[in-house]
Amino acid sequence: LCGSEKLGLLIDLGFHPLADTFLKPEQLNEAEPTYPLRVLQCESCGYTMSQYVVSPEKRYQENEYSYDSSNSKVAIKHFEEMASDVIERAGVTGDDLVVDIGSNVGTLLEAFHKKSDCLVLGVEPAPNMAARAKQNGVPTIQDFFNGTVASKILGTGKVKAVTITNAWNHVEGLTDFMEQVKRILAPDGMFVTEVPYLSLLVQKIAFDTIYLEHVSYFSIKPLIPFFKKFGFSIVDLQENDYMGGSIRISAMQGTKESVQVQAYVKREEEEHLYNSATYSVFMDRVRRFKADLVGRLYRIKKDGGHIVGIGAATKGNTLLNYCKIDNTLLDFVTDSSAFKIGKYTPGSHIPIKSDESIGPEITHALILPWNIGKFLQEKLGQLSVDFIVPEMGSRV
Ligand SMILES: [Zn+2]
(Lines give C-alpha, C1' and ligand atoms only; values in the text may rest on other atoms or scores of the structure.)
Protein backbone atom coordinates (compact mmCIF):
# COMPACT_ATOMS: atom_id res chain seq x y z
CA LEU A 1 0.00 0.00 0.00
CA CYS A 2 2.84 2.43 0.74
CA GLY A 3 5.38 1.14 -1.78
CA SER A 4 7.93 0.05 0.83
CA GLU A 5 9.89 -3.16 0.17
CA LYS A 6 10.63 -3.81 3.83
CA LEU A 7 8.37 -6.82 4.43
CA GLY A 8 8.61 -9.22 7.37
CA LEU A 9 7.39 -12.85 7.36
CA LEU A 10 4.68 -13.29 10.04
CA ILE A 11 3.00 -16.63 9.37
CA ASP A 12 3.99 -19.73 7.38
CA LEU A 13 1.35 -22.46 7.00
CA GLY A 14 3.24 -24.57 4.43
CA PHE A 15 2.01 -25.42 0.93
CA HIS A 16 -1.71 -25.45 0.09
CA PRO A 17 -3.95 -25.92 -2.95
CA LEU A 18 -6.55 -23.23 -3.73
CA ALA A 19 -9.04 -23.48 -0.87
CA ASP A 20 -12.11 -22.47 -2.87
CA THR A 21 -11.61 -24.97 -5.67
CA PHE A 22 -13.45 -28.20 -4.94
CA LEU A 23 -12.40 -31.08 -7.19
CA LYS A 24 -14.51 -33.08 -9.61
CA PRO A 25 -13.92 -36.88 -9.39
CA GLU A 26 -11.84 -36.92 -12.60
CA GLN A 27 -9.53 -34.22 -11.17
CA LEU A 28 -8.38 -36.68 -8.49
CA ASN A 29 -6.31 -38.32 -11.26
CA GLU A 30 -4.50 -35.09 -12.08
CA ALA A 31 -1.60 -33.32 -10.41
CA GLU A 32 -2.87 -30.74 -7.96
CA PRO A 33 -0.87 -27.51 -7.77
CA THR A 34 0.02 -26.21 -4.32
CA TYR A 35 1.46 -22.83 -3.39
CA PRO A 36 3.22 -21.40 -0.32
CA LEU A 37 0.71 -19.99 2.17
CA ARG A 38 2.66 -17.24 3.93
CA VAL A 39 1.68 -13.89 5.39
CA LEU A 40 3.93 -10.83 5.28
CA GLN A 41 3.64 -7.44 6.96
CA CYS A 42 5.00 -4.12 5.73
CA GLU A 43 7.42 -2.79 8.33
CA SER A 44 6.66 0.78 7.26
CA CYS A 45 2.84 1.02 7.19
CA GLY A 46 1.70 -2.28 8.74
CA TYR A 47 -0.23 -3.55 5.69
CA THR A 48 -0.50 -7.35 5.96
CA MET A 49 -0.59 -9.50 2.82
CA SER A 50 0.01 -12.88 1.20
CA GLN A 51 3.53 -13.48 -0.01
CA TYR A 52 2.48 -15.60 -2.96
CA VAL A 53 -0.45 -14.42 -5.07
CA VAL A 54 -2.10 -16.94 -7.39
CA SER A 55 -3.36 -15.22 -10.56
CA PRO A 56 -7.01 -14.14 -10.33
CA GLU A 57 -7.81 -16.04 -13.54
CA LYS A 58 -6.66 -19.27 -11.84
CA ARG A 59 -8.61 -18.38 -8.69
CA TYR A 60 -11.95 -17.51 -10.27
CA GLN A 61 -12.18 -18.52 -13.89
CA GLU A 62 -10.11 -21.62 -14.67
CA ASN A 63 -11.93 -23.76 -12.14
CA GLU A 64 -15.60 -23.65 -11.31
CA TYR A 65 -15.99 -21.27 -8.37
CA SER A 66 -18.20 -22.78 -5.71
CA TYR A 67 -19.09 -20.23 -3.02
CA ASP A 68 -22.74 -19.29 -3.42
CA SER A 69 -23.95 -16.66 -0.94
CA SER A 70 -27.64 -17.42 -1.55
CA ASN A 71 -27.06 -20.93 -0.23
CA SER A 72 -26.66 -19.78 3.36
CA LYS A 73 -29.49 -18.43 5.53
CA VAL A 74 -26.86 -16.75 7.69
CA ALA A 75 -25.50 -14.93 4.61
CA ILE A 76 -28.93 -13.79 3.38
CA LYS A 77 -29.83 -12.34 6.78
CA HIS A 78 -26.45 -10.65 7.05
CA PHE A 79 -26.73 -9.01 3.62
CA GLU A 80 -30.26 -7.76 4.36
CA GLU A 81 -28.95 -6.01 7.46
CA MET A 82 -26.00 -4.61 5.50
CA ALA A 83 -28.24 -3.24 2.72
CA SER A 84 -30.43 -1.42 5.29
CA ASP A 85 -27.36 0.02 7.01
CA VAL A 86 -25.80 1.34 3.77
CA ILE A 87 -29.12 2.68 2.41
CA GLU A 88 -29.52 4.71 5.58
CA ARG A 89 -25.95 5.98 5.97
CA ALA A 90 -25.29 6.69 2.27
CA GLY A 91 -28.81 8.04 1.68
CA VAL A 92 -29.59 5.66 -1.21
CA THR A 93 -32.94 6.45 -2.90
CA GLY A 94 -34.94 4.98 -5.77
CA ASP A 95 -33.06 7.10 -8.35
CA ASP A 96 -29.59 5.92 -7.34
CA LEU A 97 -27.40 3.10 -8.58
CA VAL A 98 -25.60 0.72 -6.21
CA VAL A 99 -22.66 -1.24 -7.65
CA ASP A 100 -21.49 -4.40 -5.90
CA ILE A 101 -18.09 -5.79 -6.88
CA GLY A 102 -17.57 -9.53 -6.49
CA SER A 103 -21.36 -9.69 -6.45
CA ASN A 104 -21.53 -13.51 -6.55
CA VAL A 105 -25.15 -14.57 -7.28
CA GLY A 106 -26.50 -11.10 -6.39
CA THR A 107 -27.73 -11.69 -2.82
CA LEU A 108 -26.67 -8.27 -1.48
CA LEU A 109 -27.97 -6.38 -4.52
CA GLU A 110 -31.35 -8.11 -4.31
CA ALA A 111 -31.61 -6.79 -0.75
CA PHE A 112 -30.66 -3.25 -1.86
CA HIS A 113 -33.30 -3.27 -4.59
CA LYS A 114 -35.98 -4.76 -2.35
CA LYS A 115 -35.42 -2.22 0.42
CA SER A 116 -34.90 1.04 -1.55
CA ASP A 117 -36.10 0.35 -5.10
CA CYS A 118 -32.70 1.61 -6.32
CA LEU A 119 -30.99 0.44 -9.50
CA VAL A 120 -28.35 -2.22 -8.97
CA LEU A 121 -25.42 -3.55 -10.95
CA GLY A 122 -23.09 -6.43 -10.08
CA VAL A 123 -19.56 -7.12 -11.26
CA GLU A 124 -18.60 -10.78 -10.90
CA PRO A 125 -15.68 -12.60 -12.58
CA ALA A 126 -16.83 -16.22 -12.02
CA PRO A 127 -18.91 -17.17 -15.11
CA ASN A 128 -21.20 -19.63 -13.28
CA MET A 129 -21.99 -17.12 -10.49
CA ALA A 130 -22.59 -14.22 -12.90
CA ALA A 131 -24.96 -16.43 -14.93
CA ARG A 132 -26.90 -17.33 -11.77
CA ALA A 133 -27.17 -13.63 -10.81
CA LYS A 134 -28.60 -12.77 -14.24
CA GLN A 135 -31.10 -15.62 -13.94
CA ASN A 136 -32.12 -14.12 -10.59
CA GLY A 137 -32.78 -10.81 -12.37
CA VAL A 138 -29.71 -8.98 -11.04
CA PRO A 139 -27.94 -7.07 -13.86
CA THR A 140 -24.34 -8.27 -13.77
CA ILE A 141 -21.15 -7.61 -15.77
CA GLN A 142 -19.15 -10.84 -15.90
CA ASP A 143 -15.59 -9.61 -15.46
CA PHE A 144 -13.01 -8.45 -12.97
CA PHE A 145 -13.51 -4.83 -11.87
CA ASN A 146 -11.06 -2.82 -13.98
CA GLY A 147 -10.83 0.35 -16.04
CA THR A 148 -12.83 -1.10 -18.93
CA VAL A 149 -15.65 -2.19 -16.63
CA ALA A 150 -15.57 1.19 -14.83
CA SER A 151 -16.01 2.93 -18.22
CA LYS A 152 -19.05 0.76 -18.93
CA ILE A 153 -20.57 1.67 -15.55
CA LEU A 154 -20.01 5.43 -16.05
CA GLY A 155 -23.16 7.00 -17.40
CA THR A 156 -25.53 4.24 -16.27
CA GLY A 157 -26.70 6.23 -13.25
CA LYS A 158 -25.65 8.13 -10.16
CA VAL A 159 -23.50 5.66 -8.23
CA LYS A 160 -24.38 6.40 -4.61
CA ALA A 161 -22.62 3.38 -3.18
CA VAL A 162 -19.94 0.94 -4.27
CA THR A 163 -19.87 -2.15 -2.10
CA ILE A 164 -17.47 -5.06 -1.99
CA THR A 165 -17.96 -7.74 0.64
CA ASN A 166 -15.43 -10.47 1.37
CA ALA A 167 -13.81 -9.75 -1.95
CA TRP A 168 -11.72 -6.62 -1.42
CA ASN A 169 -9.26 -8.83 0.42
CA HIS A 170 -9.08 -10.96 -2.76
CA VAL A 171 -8.14 -7.98 -4.96
CA GLU A 172 -4.62 -7.61 -6.31
CA GLY A 173 -3.62 -4.07 -7.25
CA LEU A 174 -5.51 -2.01 -4.68
CA THR A 175 -4.27 1.34 -6.02
CA ASP A 176 -5.76 0.77 -9.46
CA PHE A 177 -8.91 -0.60 -7.84
CA MET A 178 -9.40 2.53 -5.72
CA GLU A 179 -8.74 4.83 -8.70
CA GLN A 180 -11.55 3.12 -10.60
CA VAL A 181 -13.89 3.27 -7.59
CA LYS A 182 -13.24 7.01 -7.36
CA ARG A 183 -13.99 7.37 -11.09
CA ILE A 184 -17.44 5.77 -10.92
CA LEU A 185 -18.59 6.97 -7.48
CA ALA A 186 -20.67 10.17 -7.20
CA PRO A 187 -18.82 12.92 -5.24
CA ASP A 188 -21.16 12.33 -2.26
CA GLY A 189 -21.14 8.54 -2.77
CA MET A 190 -19.90 5.99 -0.28
CA PHE A 191 -17.45 3.13 -0.69
CA VAL A 192 -18.34 0.31 1.71
CA THR A 193 -16.28 -2.82 2.10
CA GLU A 194 -16.62 -5.66 4.54
CA VAL A 195 -13.57 -7.81 5.09
CA PRO A 196 -12.18 -10.16 7.73
CA TYR A 197 -10.43 -7.99 10.34
CA LEU A 198 -6.82 -8.82 11.21
CA SER A 199 -7.39 -7.91 14.85
CA LEU A 200 -10.14 -10.53 15.15
CA LEU A 201 -8.11 -13.10 13.17
CA VAL A 202 -5.32 -12.76 15.74
CA GLN A 203 -7.69 -12.66 18.74
CA LYS A 204 -9.52 -15.81 17.64
CA ILE A 205 -6.39 -17.56 16.32
CA ALA A 206 -8.46 -17.93 13.15
CA PHE A 207 -5.56 -19.32 11.10
CA ASP A 208 -8.07 -21.15 8.91
CA THR A 209 -9.29 -17.81 7.52
CA ILE A 210 -5.85 -17.55 5.90
CA TYR A 211 -5.95 -19.01 2.39
CA LEU A 212 -4.55 -18.40 -1.07
CA GLU A 213 -7.64 -16.56 -2.31
CA HIS A 214 -6.90 -13.87 0.29
CA VAL A 215 -4.39 -11.30 -0.91
CA SER A 216 -4.82 -8.86 2.00
CA TYR A 217 -5.48 -9.18 5.75
CA PHE A 218 -6.85 -5.74 6.50
CA SER A 219 -6.40 -3.60 9.58
CA ILE A 220 -7.26 0.08 9.98
CA LYS A 221 -3.90 1.82 10.52
CA PRO A 222 -2.42 1.22 7.03
CA LEU A 223 -5.72 2.11 5.35
CA ILE A 224 -5.80 5.69 6.65
CA PRO A 225 -2.89 6.99 4.50
CA PHE A 226 -4.01 4.70 1.66
CA PHE A 227 -7.50 6.25 1.44
CA LYS A 228 -6.01 9.76 1.84
CA LYS A 229 -4.03 9.26 -1.41
CA PHE A 230 -7.39 9.27 -3.21
CA GLY A 231 -8.91 12.08 -1.15
CA PHE A 232 -11.02 9.63 0.89
CA SER A 233 -11.47 9.38 4.66
CA ILE A 234 -12.91 6.55 6.72
CA VAL A 235 -16.34 7.76 7.90
CA ASP A 236 -17.59 4.66 9.73
CA LEU A 237 -16.34 1.37 11.19
CA GLN A 238 -18.48 -1.54 12.40
CA GLU A 239 -17.34 -4.95 13.59
CA ASN A 240 -19.45 -8.07 13.29
CA ASP A 241 -19.19 -11.86 13.63
CA TYR A 242 -19.71 -12.57 9.95
CA MET A 243 -17.14 -14.96 8.41
CA GLY A 244 -15.61 -15.46 11.84
CA GLY A 245 -14.88 -11.77 12.51
CA SER A 246 -15.28 -8.96 9.97
CA ILE A 247 -15.15 -5.20 9.84
CA ARG A 248 -17.35 -2.97 7.68
CA ILE A 249 -15.32 0.03 6.50
CA SER A 250 -17.04 3.01 4.90
CA ALA A 251 -15.07 5.75 3.16
CA MET A 252 -16.10 8.95 1.39
CA GLN A 253 -14.34 11.79 -0.36
CA GLY A 254 -13.40 14.59 2.00
CA THR A 255 -11.52 14.98 5.23
CA LYS A 256 -14.30 14.34 7.71
CA GLU A 257 -12.81 11.28 9.38
CA SER A 258 -14.81 9.34 11.97
CA VAL A 259 -13.66 9.74 15.58
CA GLN A 260 -13.63 5.94 15.71
CA VAL A 261 -10.58 5.78 13.46
CA GLN A 262 -7.96 6.93 15.98
CA ALA A 263 -9.53 4.69 18.64
CA TYR A 264 -9.05 1.72 16.31
CA VAL A 265 -5.41 2.64 15.68
CA LYS A 266 -4.83 2.86 19.42
CA ARG A 267 -6.44 -0.53 19.94
CA GLU A 268 -4.36 -2.12 17.16
CA GLU A 269 -1.17 -0.75 18.70
CA GLU A 270 -2.22 -2.02 22.13
CA GLU A 271 -2.88 -5.45 20.65
CA HIS A 272 0.66 -5.39 19.18
CA LEU A 273 -0.79 -6.08 15.74
CA TYR A 274 2.32 -4.59 14.12
CA ASN A 275 4.84 -6.58 16.16
CA SER A 276 6.19 -9.87 14.76
CA ALA A 277 6.38 -11.39 18.29
CA THR A 278 2.55 -11.45 18.33
CA TYR A 279 2.62 -13.84 15.41
CA SER A 280 5.22 -16.16 16.99
CA VAL A 281 2.78 -16.65 19.87
CA PHE A 282 -0.03 -17.08 17.30
CA MET A 283 1.87 -19.86 15.50
CA ASP A 284 2.69 -21.63 18.79
CA ARG A 285 -1.04 -21.71 19.52
CA VAL A 286 -1.80 -22.96 16.00
CA ARG A 287 0.70 -25.82 16.34
CA ARG A 288 -0.78 -26.80 19.71
CA PHE A 289 -4.30 -26.65 18.27
CA LYS A 290 -3.25 -29.02 15.46
CA ALA A 291 -1.71 -31.53 17.89
CA ASP A 292 -4.80 -31.46 20.14
CA LEU A 293 -7.34 -31.80 17.33
CA VAL A 294 -5.52 -34.51 15.39
CA GLY A 295 -4.83 -36.44 18.63
CA ARG A 296 -8.52 -36.32 19.48
CA LEU A 297 -9.58 -37.54 16.03
CA TYR A 298 -7.09 -40.44 16.12
CA ARG A 299 -8.37 -41.51 19.55
CA ILE A 300 -11.94 -41.57 18.20
CA LYS A 301 -10.84 -43.73 15.25
CA LYS A 302 -8.86 -46.03 17.55
CA ASP A 303 -12.01 -46.56 19.63
CA GLY A 304 -13.91 -47.60 16.49
CA GLY A 305 -15.68 -44.30 15.87
CA HIS A 306 -16.61 -42.77 12.53
CA ILE A 307 -16.15 -39.06 11.96
CA VAL A 308 -17.66 -36.77 9.34
CA GLY A 309 -16.92 -33.15 8.63
CA ILE A 310 -19.83 -30.70 8.56
CA GLY A 311 -19.76 -27.84 6.05
CA ALA A 312 -17.33 -27.86 3.11
CA ALA A 313 -16.36 -24.26 3.86
CA THR A 314 -13.32 -22.63 2.32
CA LYS A 315 -11.77 -22.06 5.74
CA GLY A 316 -12.24 -25.76 6.45
CA ASN A 317 -9.72 -26.52 3.73
CA THR A 318 -6.91 -24.57 5.38
CA LEU A 319 -7.70 -26.41 8.62
CA LEU A 320 -7.83 -29.85 6.95
CA ASN A 321 -4.68 -29.34 4.90
CA TYR A 322 -2.63 -27.70 7.65
CA CYS A 323 -3.62 -30.43 10.14
CA LYS A 324 -3.16 -33.15 7.47
CA ILE A 325 -6.67 -34.46 8.07
CA ASP A 326 -7.72 -36.51 5.03
CA ASN A 327 -10.14 -39.26 4.00
CA THR A 328 -8.52 -41.76 6.38
CA LEU A 329 -9.80 -39.67 9.33
CA LEU A 330 -13.05 -38.21 7.97
CA ASP A 331 -15.46 -40.55 6.13
CA PHE A 332 -16.90 -37.60 4.21
CA VAL A 333 -17.82 -33.93 4.56
CA THR A 334 -21.42 -32.77 4.24
CA ASP A 335 -22.66 -29.61 2.57
CA SER A 336 -26.01 -28.33 1.31
CA SER A 337 -24.63 -26.62 -1.82
CA ALA A 338 -25.31 -28.33 -5.15
CA PHE A 339 -22.02 -26.77 -6.35
CA LYS A 340 -20.11 -28.89 -3.86
CA ILE A 341 -21.97 -32.21 -3.42
CA GLY A 342 -20.29 -34.94 -5.51
CA LYS A 343 -16.96 -33.13 -5.48
CA TYR A 344 -13.90 -33.57 -3.23
CA THR A 345 -12.13 -31.23 -0.83
CA PRO A 346 -8.91 -29.79 -2.33
CA GLY A 347 -5.69 -31.37 -1.04
CA SER A 348 -7.37 -33.66 1.51
CA HIS A 349 -9.59 -35.37 -1.14
CA ILE A 350 -12.54 -36.07 1.17
CA PRO A 351 -15.82 -36.76 -0.68
CA ILE A 352 -18.59 -34.17 -0.20
CA LYS A 353 -22.10 -35.53 0.38
CA SER A 354 -25.45 -34.16 1.51
CA ASP A 355 -26.40 -33.88 5.20
CA GLU A 356 -28.84 -36.75 4.66
CA SER A 357 -25.88 -39.09 4.05
CA ILE A 358 -25.04 -39.18 7.78
CA GLY A 359 -25.98 -42.74 8.80
CA PRO A 360 -26.16 -44.43 12.22
CA GLU A 361 -22.52 -45.57 11.98
CA ILE A 362 -21.33 -41.95 12.36
CA THR A 363 -20.34 -41.18 15.95
CA HIS A 364 -18.68 -37.76 15.66
CA ALA A 365 -19.06 -34.64 13.55
CA LEU A 366 -16.29 -32.06 13.13
CA ILE A 367 -17.86 -28.68 12.34
CA LEU A 368 -15.50 -26.97 9.88
CA PRO A 369 -17.14 -23.50 9.68
CA TRP A 370 -16.82 -22.98 13.45
CA ASN A 371 -18.08 -19.40 13.10
CA ILE A 372 -21.57 -20.79 12.43
CA GLY A 373 -21.04 -23.84 14.68
CA LYS A 374 -24.04 -23.08 16.89
CA PHE A 375 -26.36 -22.71 13.89
CA LEU A 376 -25.16 -26.00 12.37
CA GLN A 377 -25.46 -27.89 15.67
CA GLU A 378 -29.07 -26.73 15.99
CA LYS A 379 -29.78 -27.62 12.37
CA LEU A 380 -28.39 -31.14 12.87
CA GLY A 381 -29.64 -31.50 16.45
CA GLN A 382 -31.63 -34.66 15.67
CA LEU A 383 -28.43 -36.62 14.94
CA SER A 384 -27.02 -38.74 17.73
CA VAL A 385 -23.41 -37.71 17.20
CA ASP A 386 -20.88 -35.84 19.30
CA PHE A 387 -20.04 -32.47 17.78
CA ILE A 388 -16.50 -31.15 17.71
CA VAL A 389 -16.26 -27.39 17.14
CA PRO A 390 -12.66 -26.35 16.44
CA GLU A 391 -13.06 -22.75 17.57
CA MET A 392 -11.09 -20.37 19.69
CA GLY A 393 -12.36 -21.86 22.94
CA SER A 394 -10.46 -25.02 22.17
CA ARG A 395 -7.63 -23.06 20.56
CA VAL A 396 -6.54 -21.44 23.80
ZN1 LIG B 1 3.60 -0.30 3.61
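Both counts, for ligands and for their atoms, begin at 1 and track the order of listing.
Leu198 and Phe226 are not part of a single hydrophobic cluster, where members link through side-chain heavy atoms under 4.5 Å apart.
In this structure, CG on Leu7 lies 10.0 Å from CD on Gln41, to the nearest 0.5 angstrom. Between Asp326 atom CG and Tyr344 atom OH the span is 13.5 Å, to the nearest 0.5 Å.
When side chains are defined from C-beta on, Arg89 counts as touching Gln238, because their heavy atoms get closer than 4.5 Å.
Listed by chain and residue number, the protein N/O/S atoms under 2.8 Å of the Zn ion (ligand 1) are Cys2 SG, Cys42 SG, Cys45 SG, with waters left out.
Residues that satisfy the ring pair (Phe, Tyr, Trp, His ring centres under 6.0 Å) test with Tyr279, not counting sequence neighbours, are absent from this structure.
Taking the six-membered ring where the residue is Trp, Phe191 and Trp168 present perpendicular rings, their angle passing 60° and hence far from 30°.
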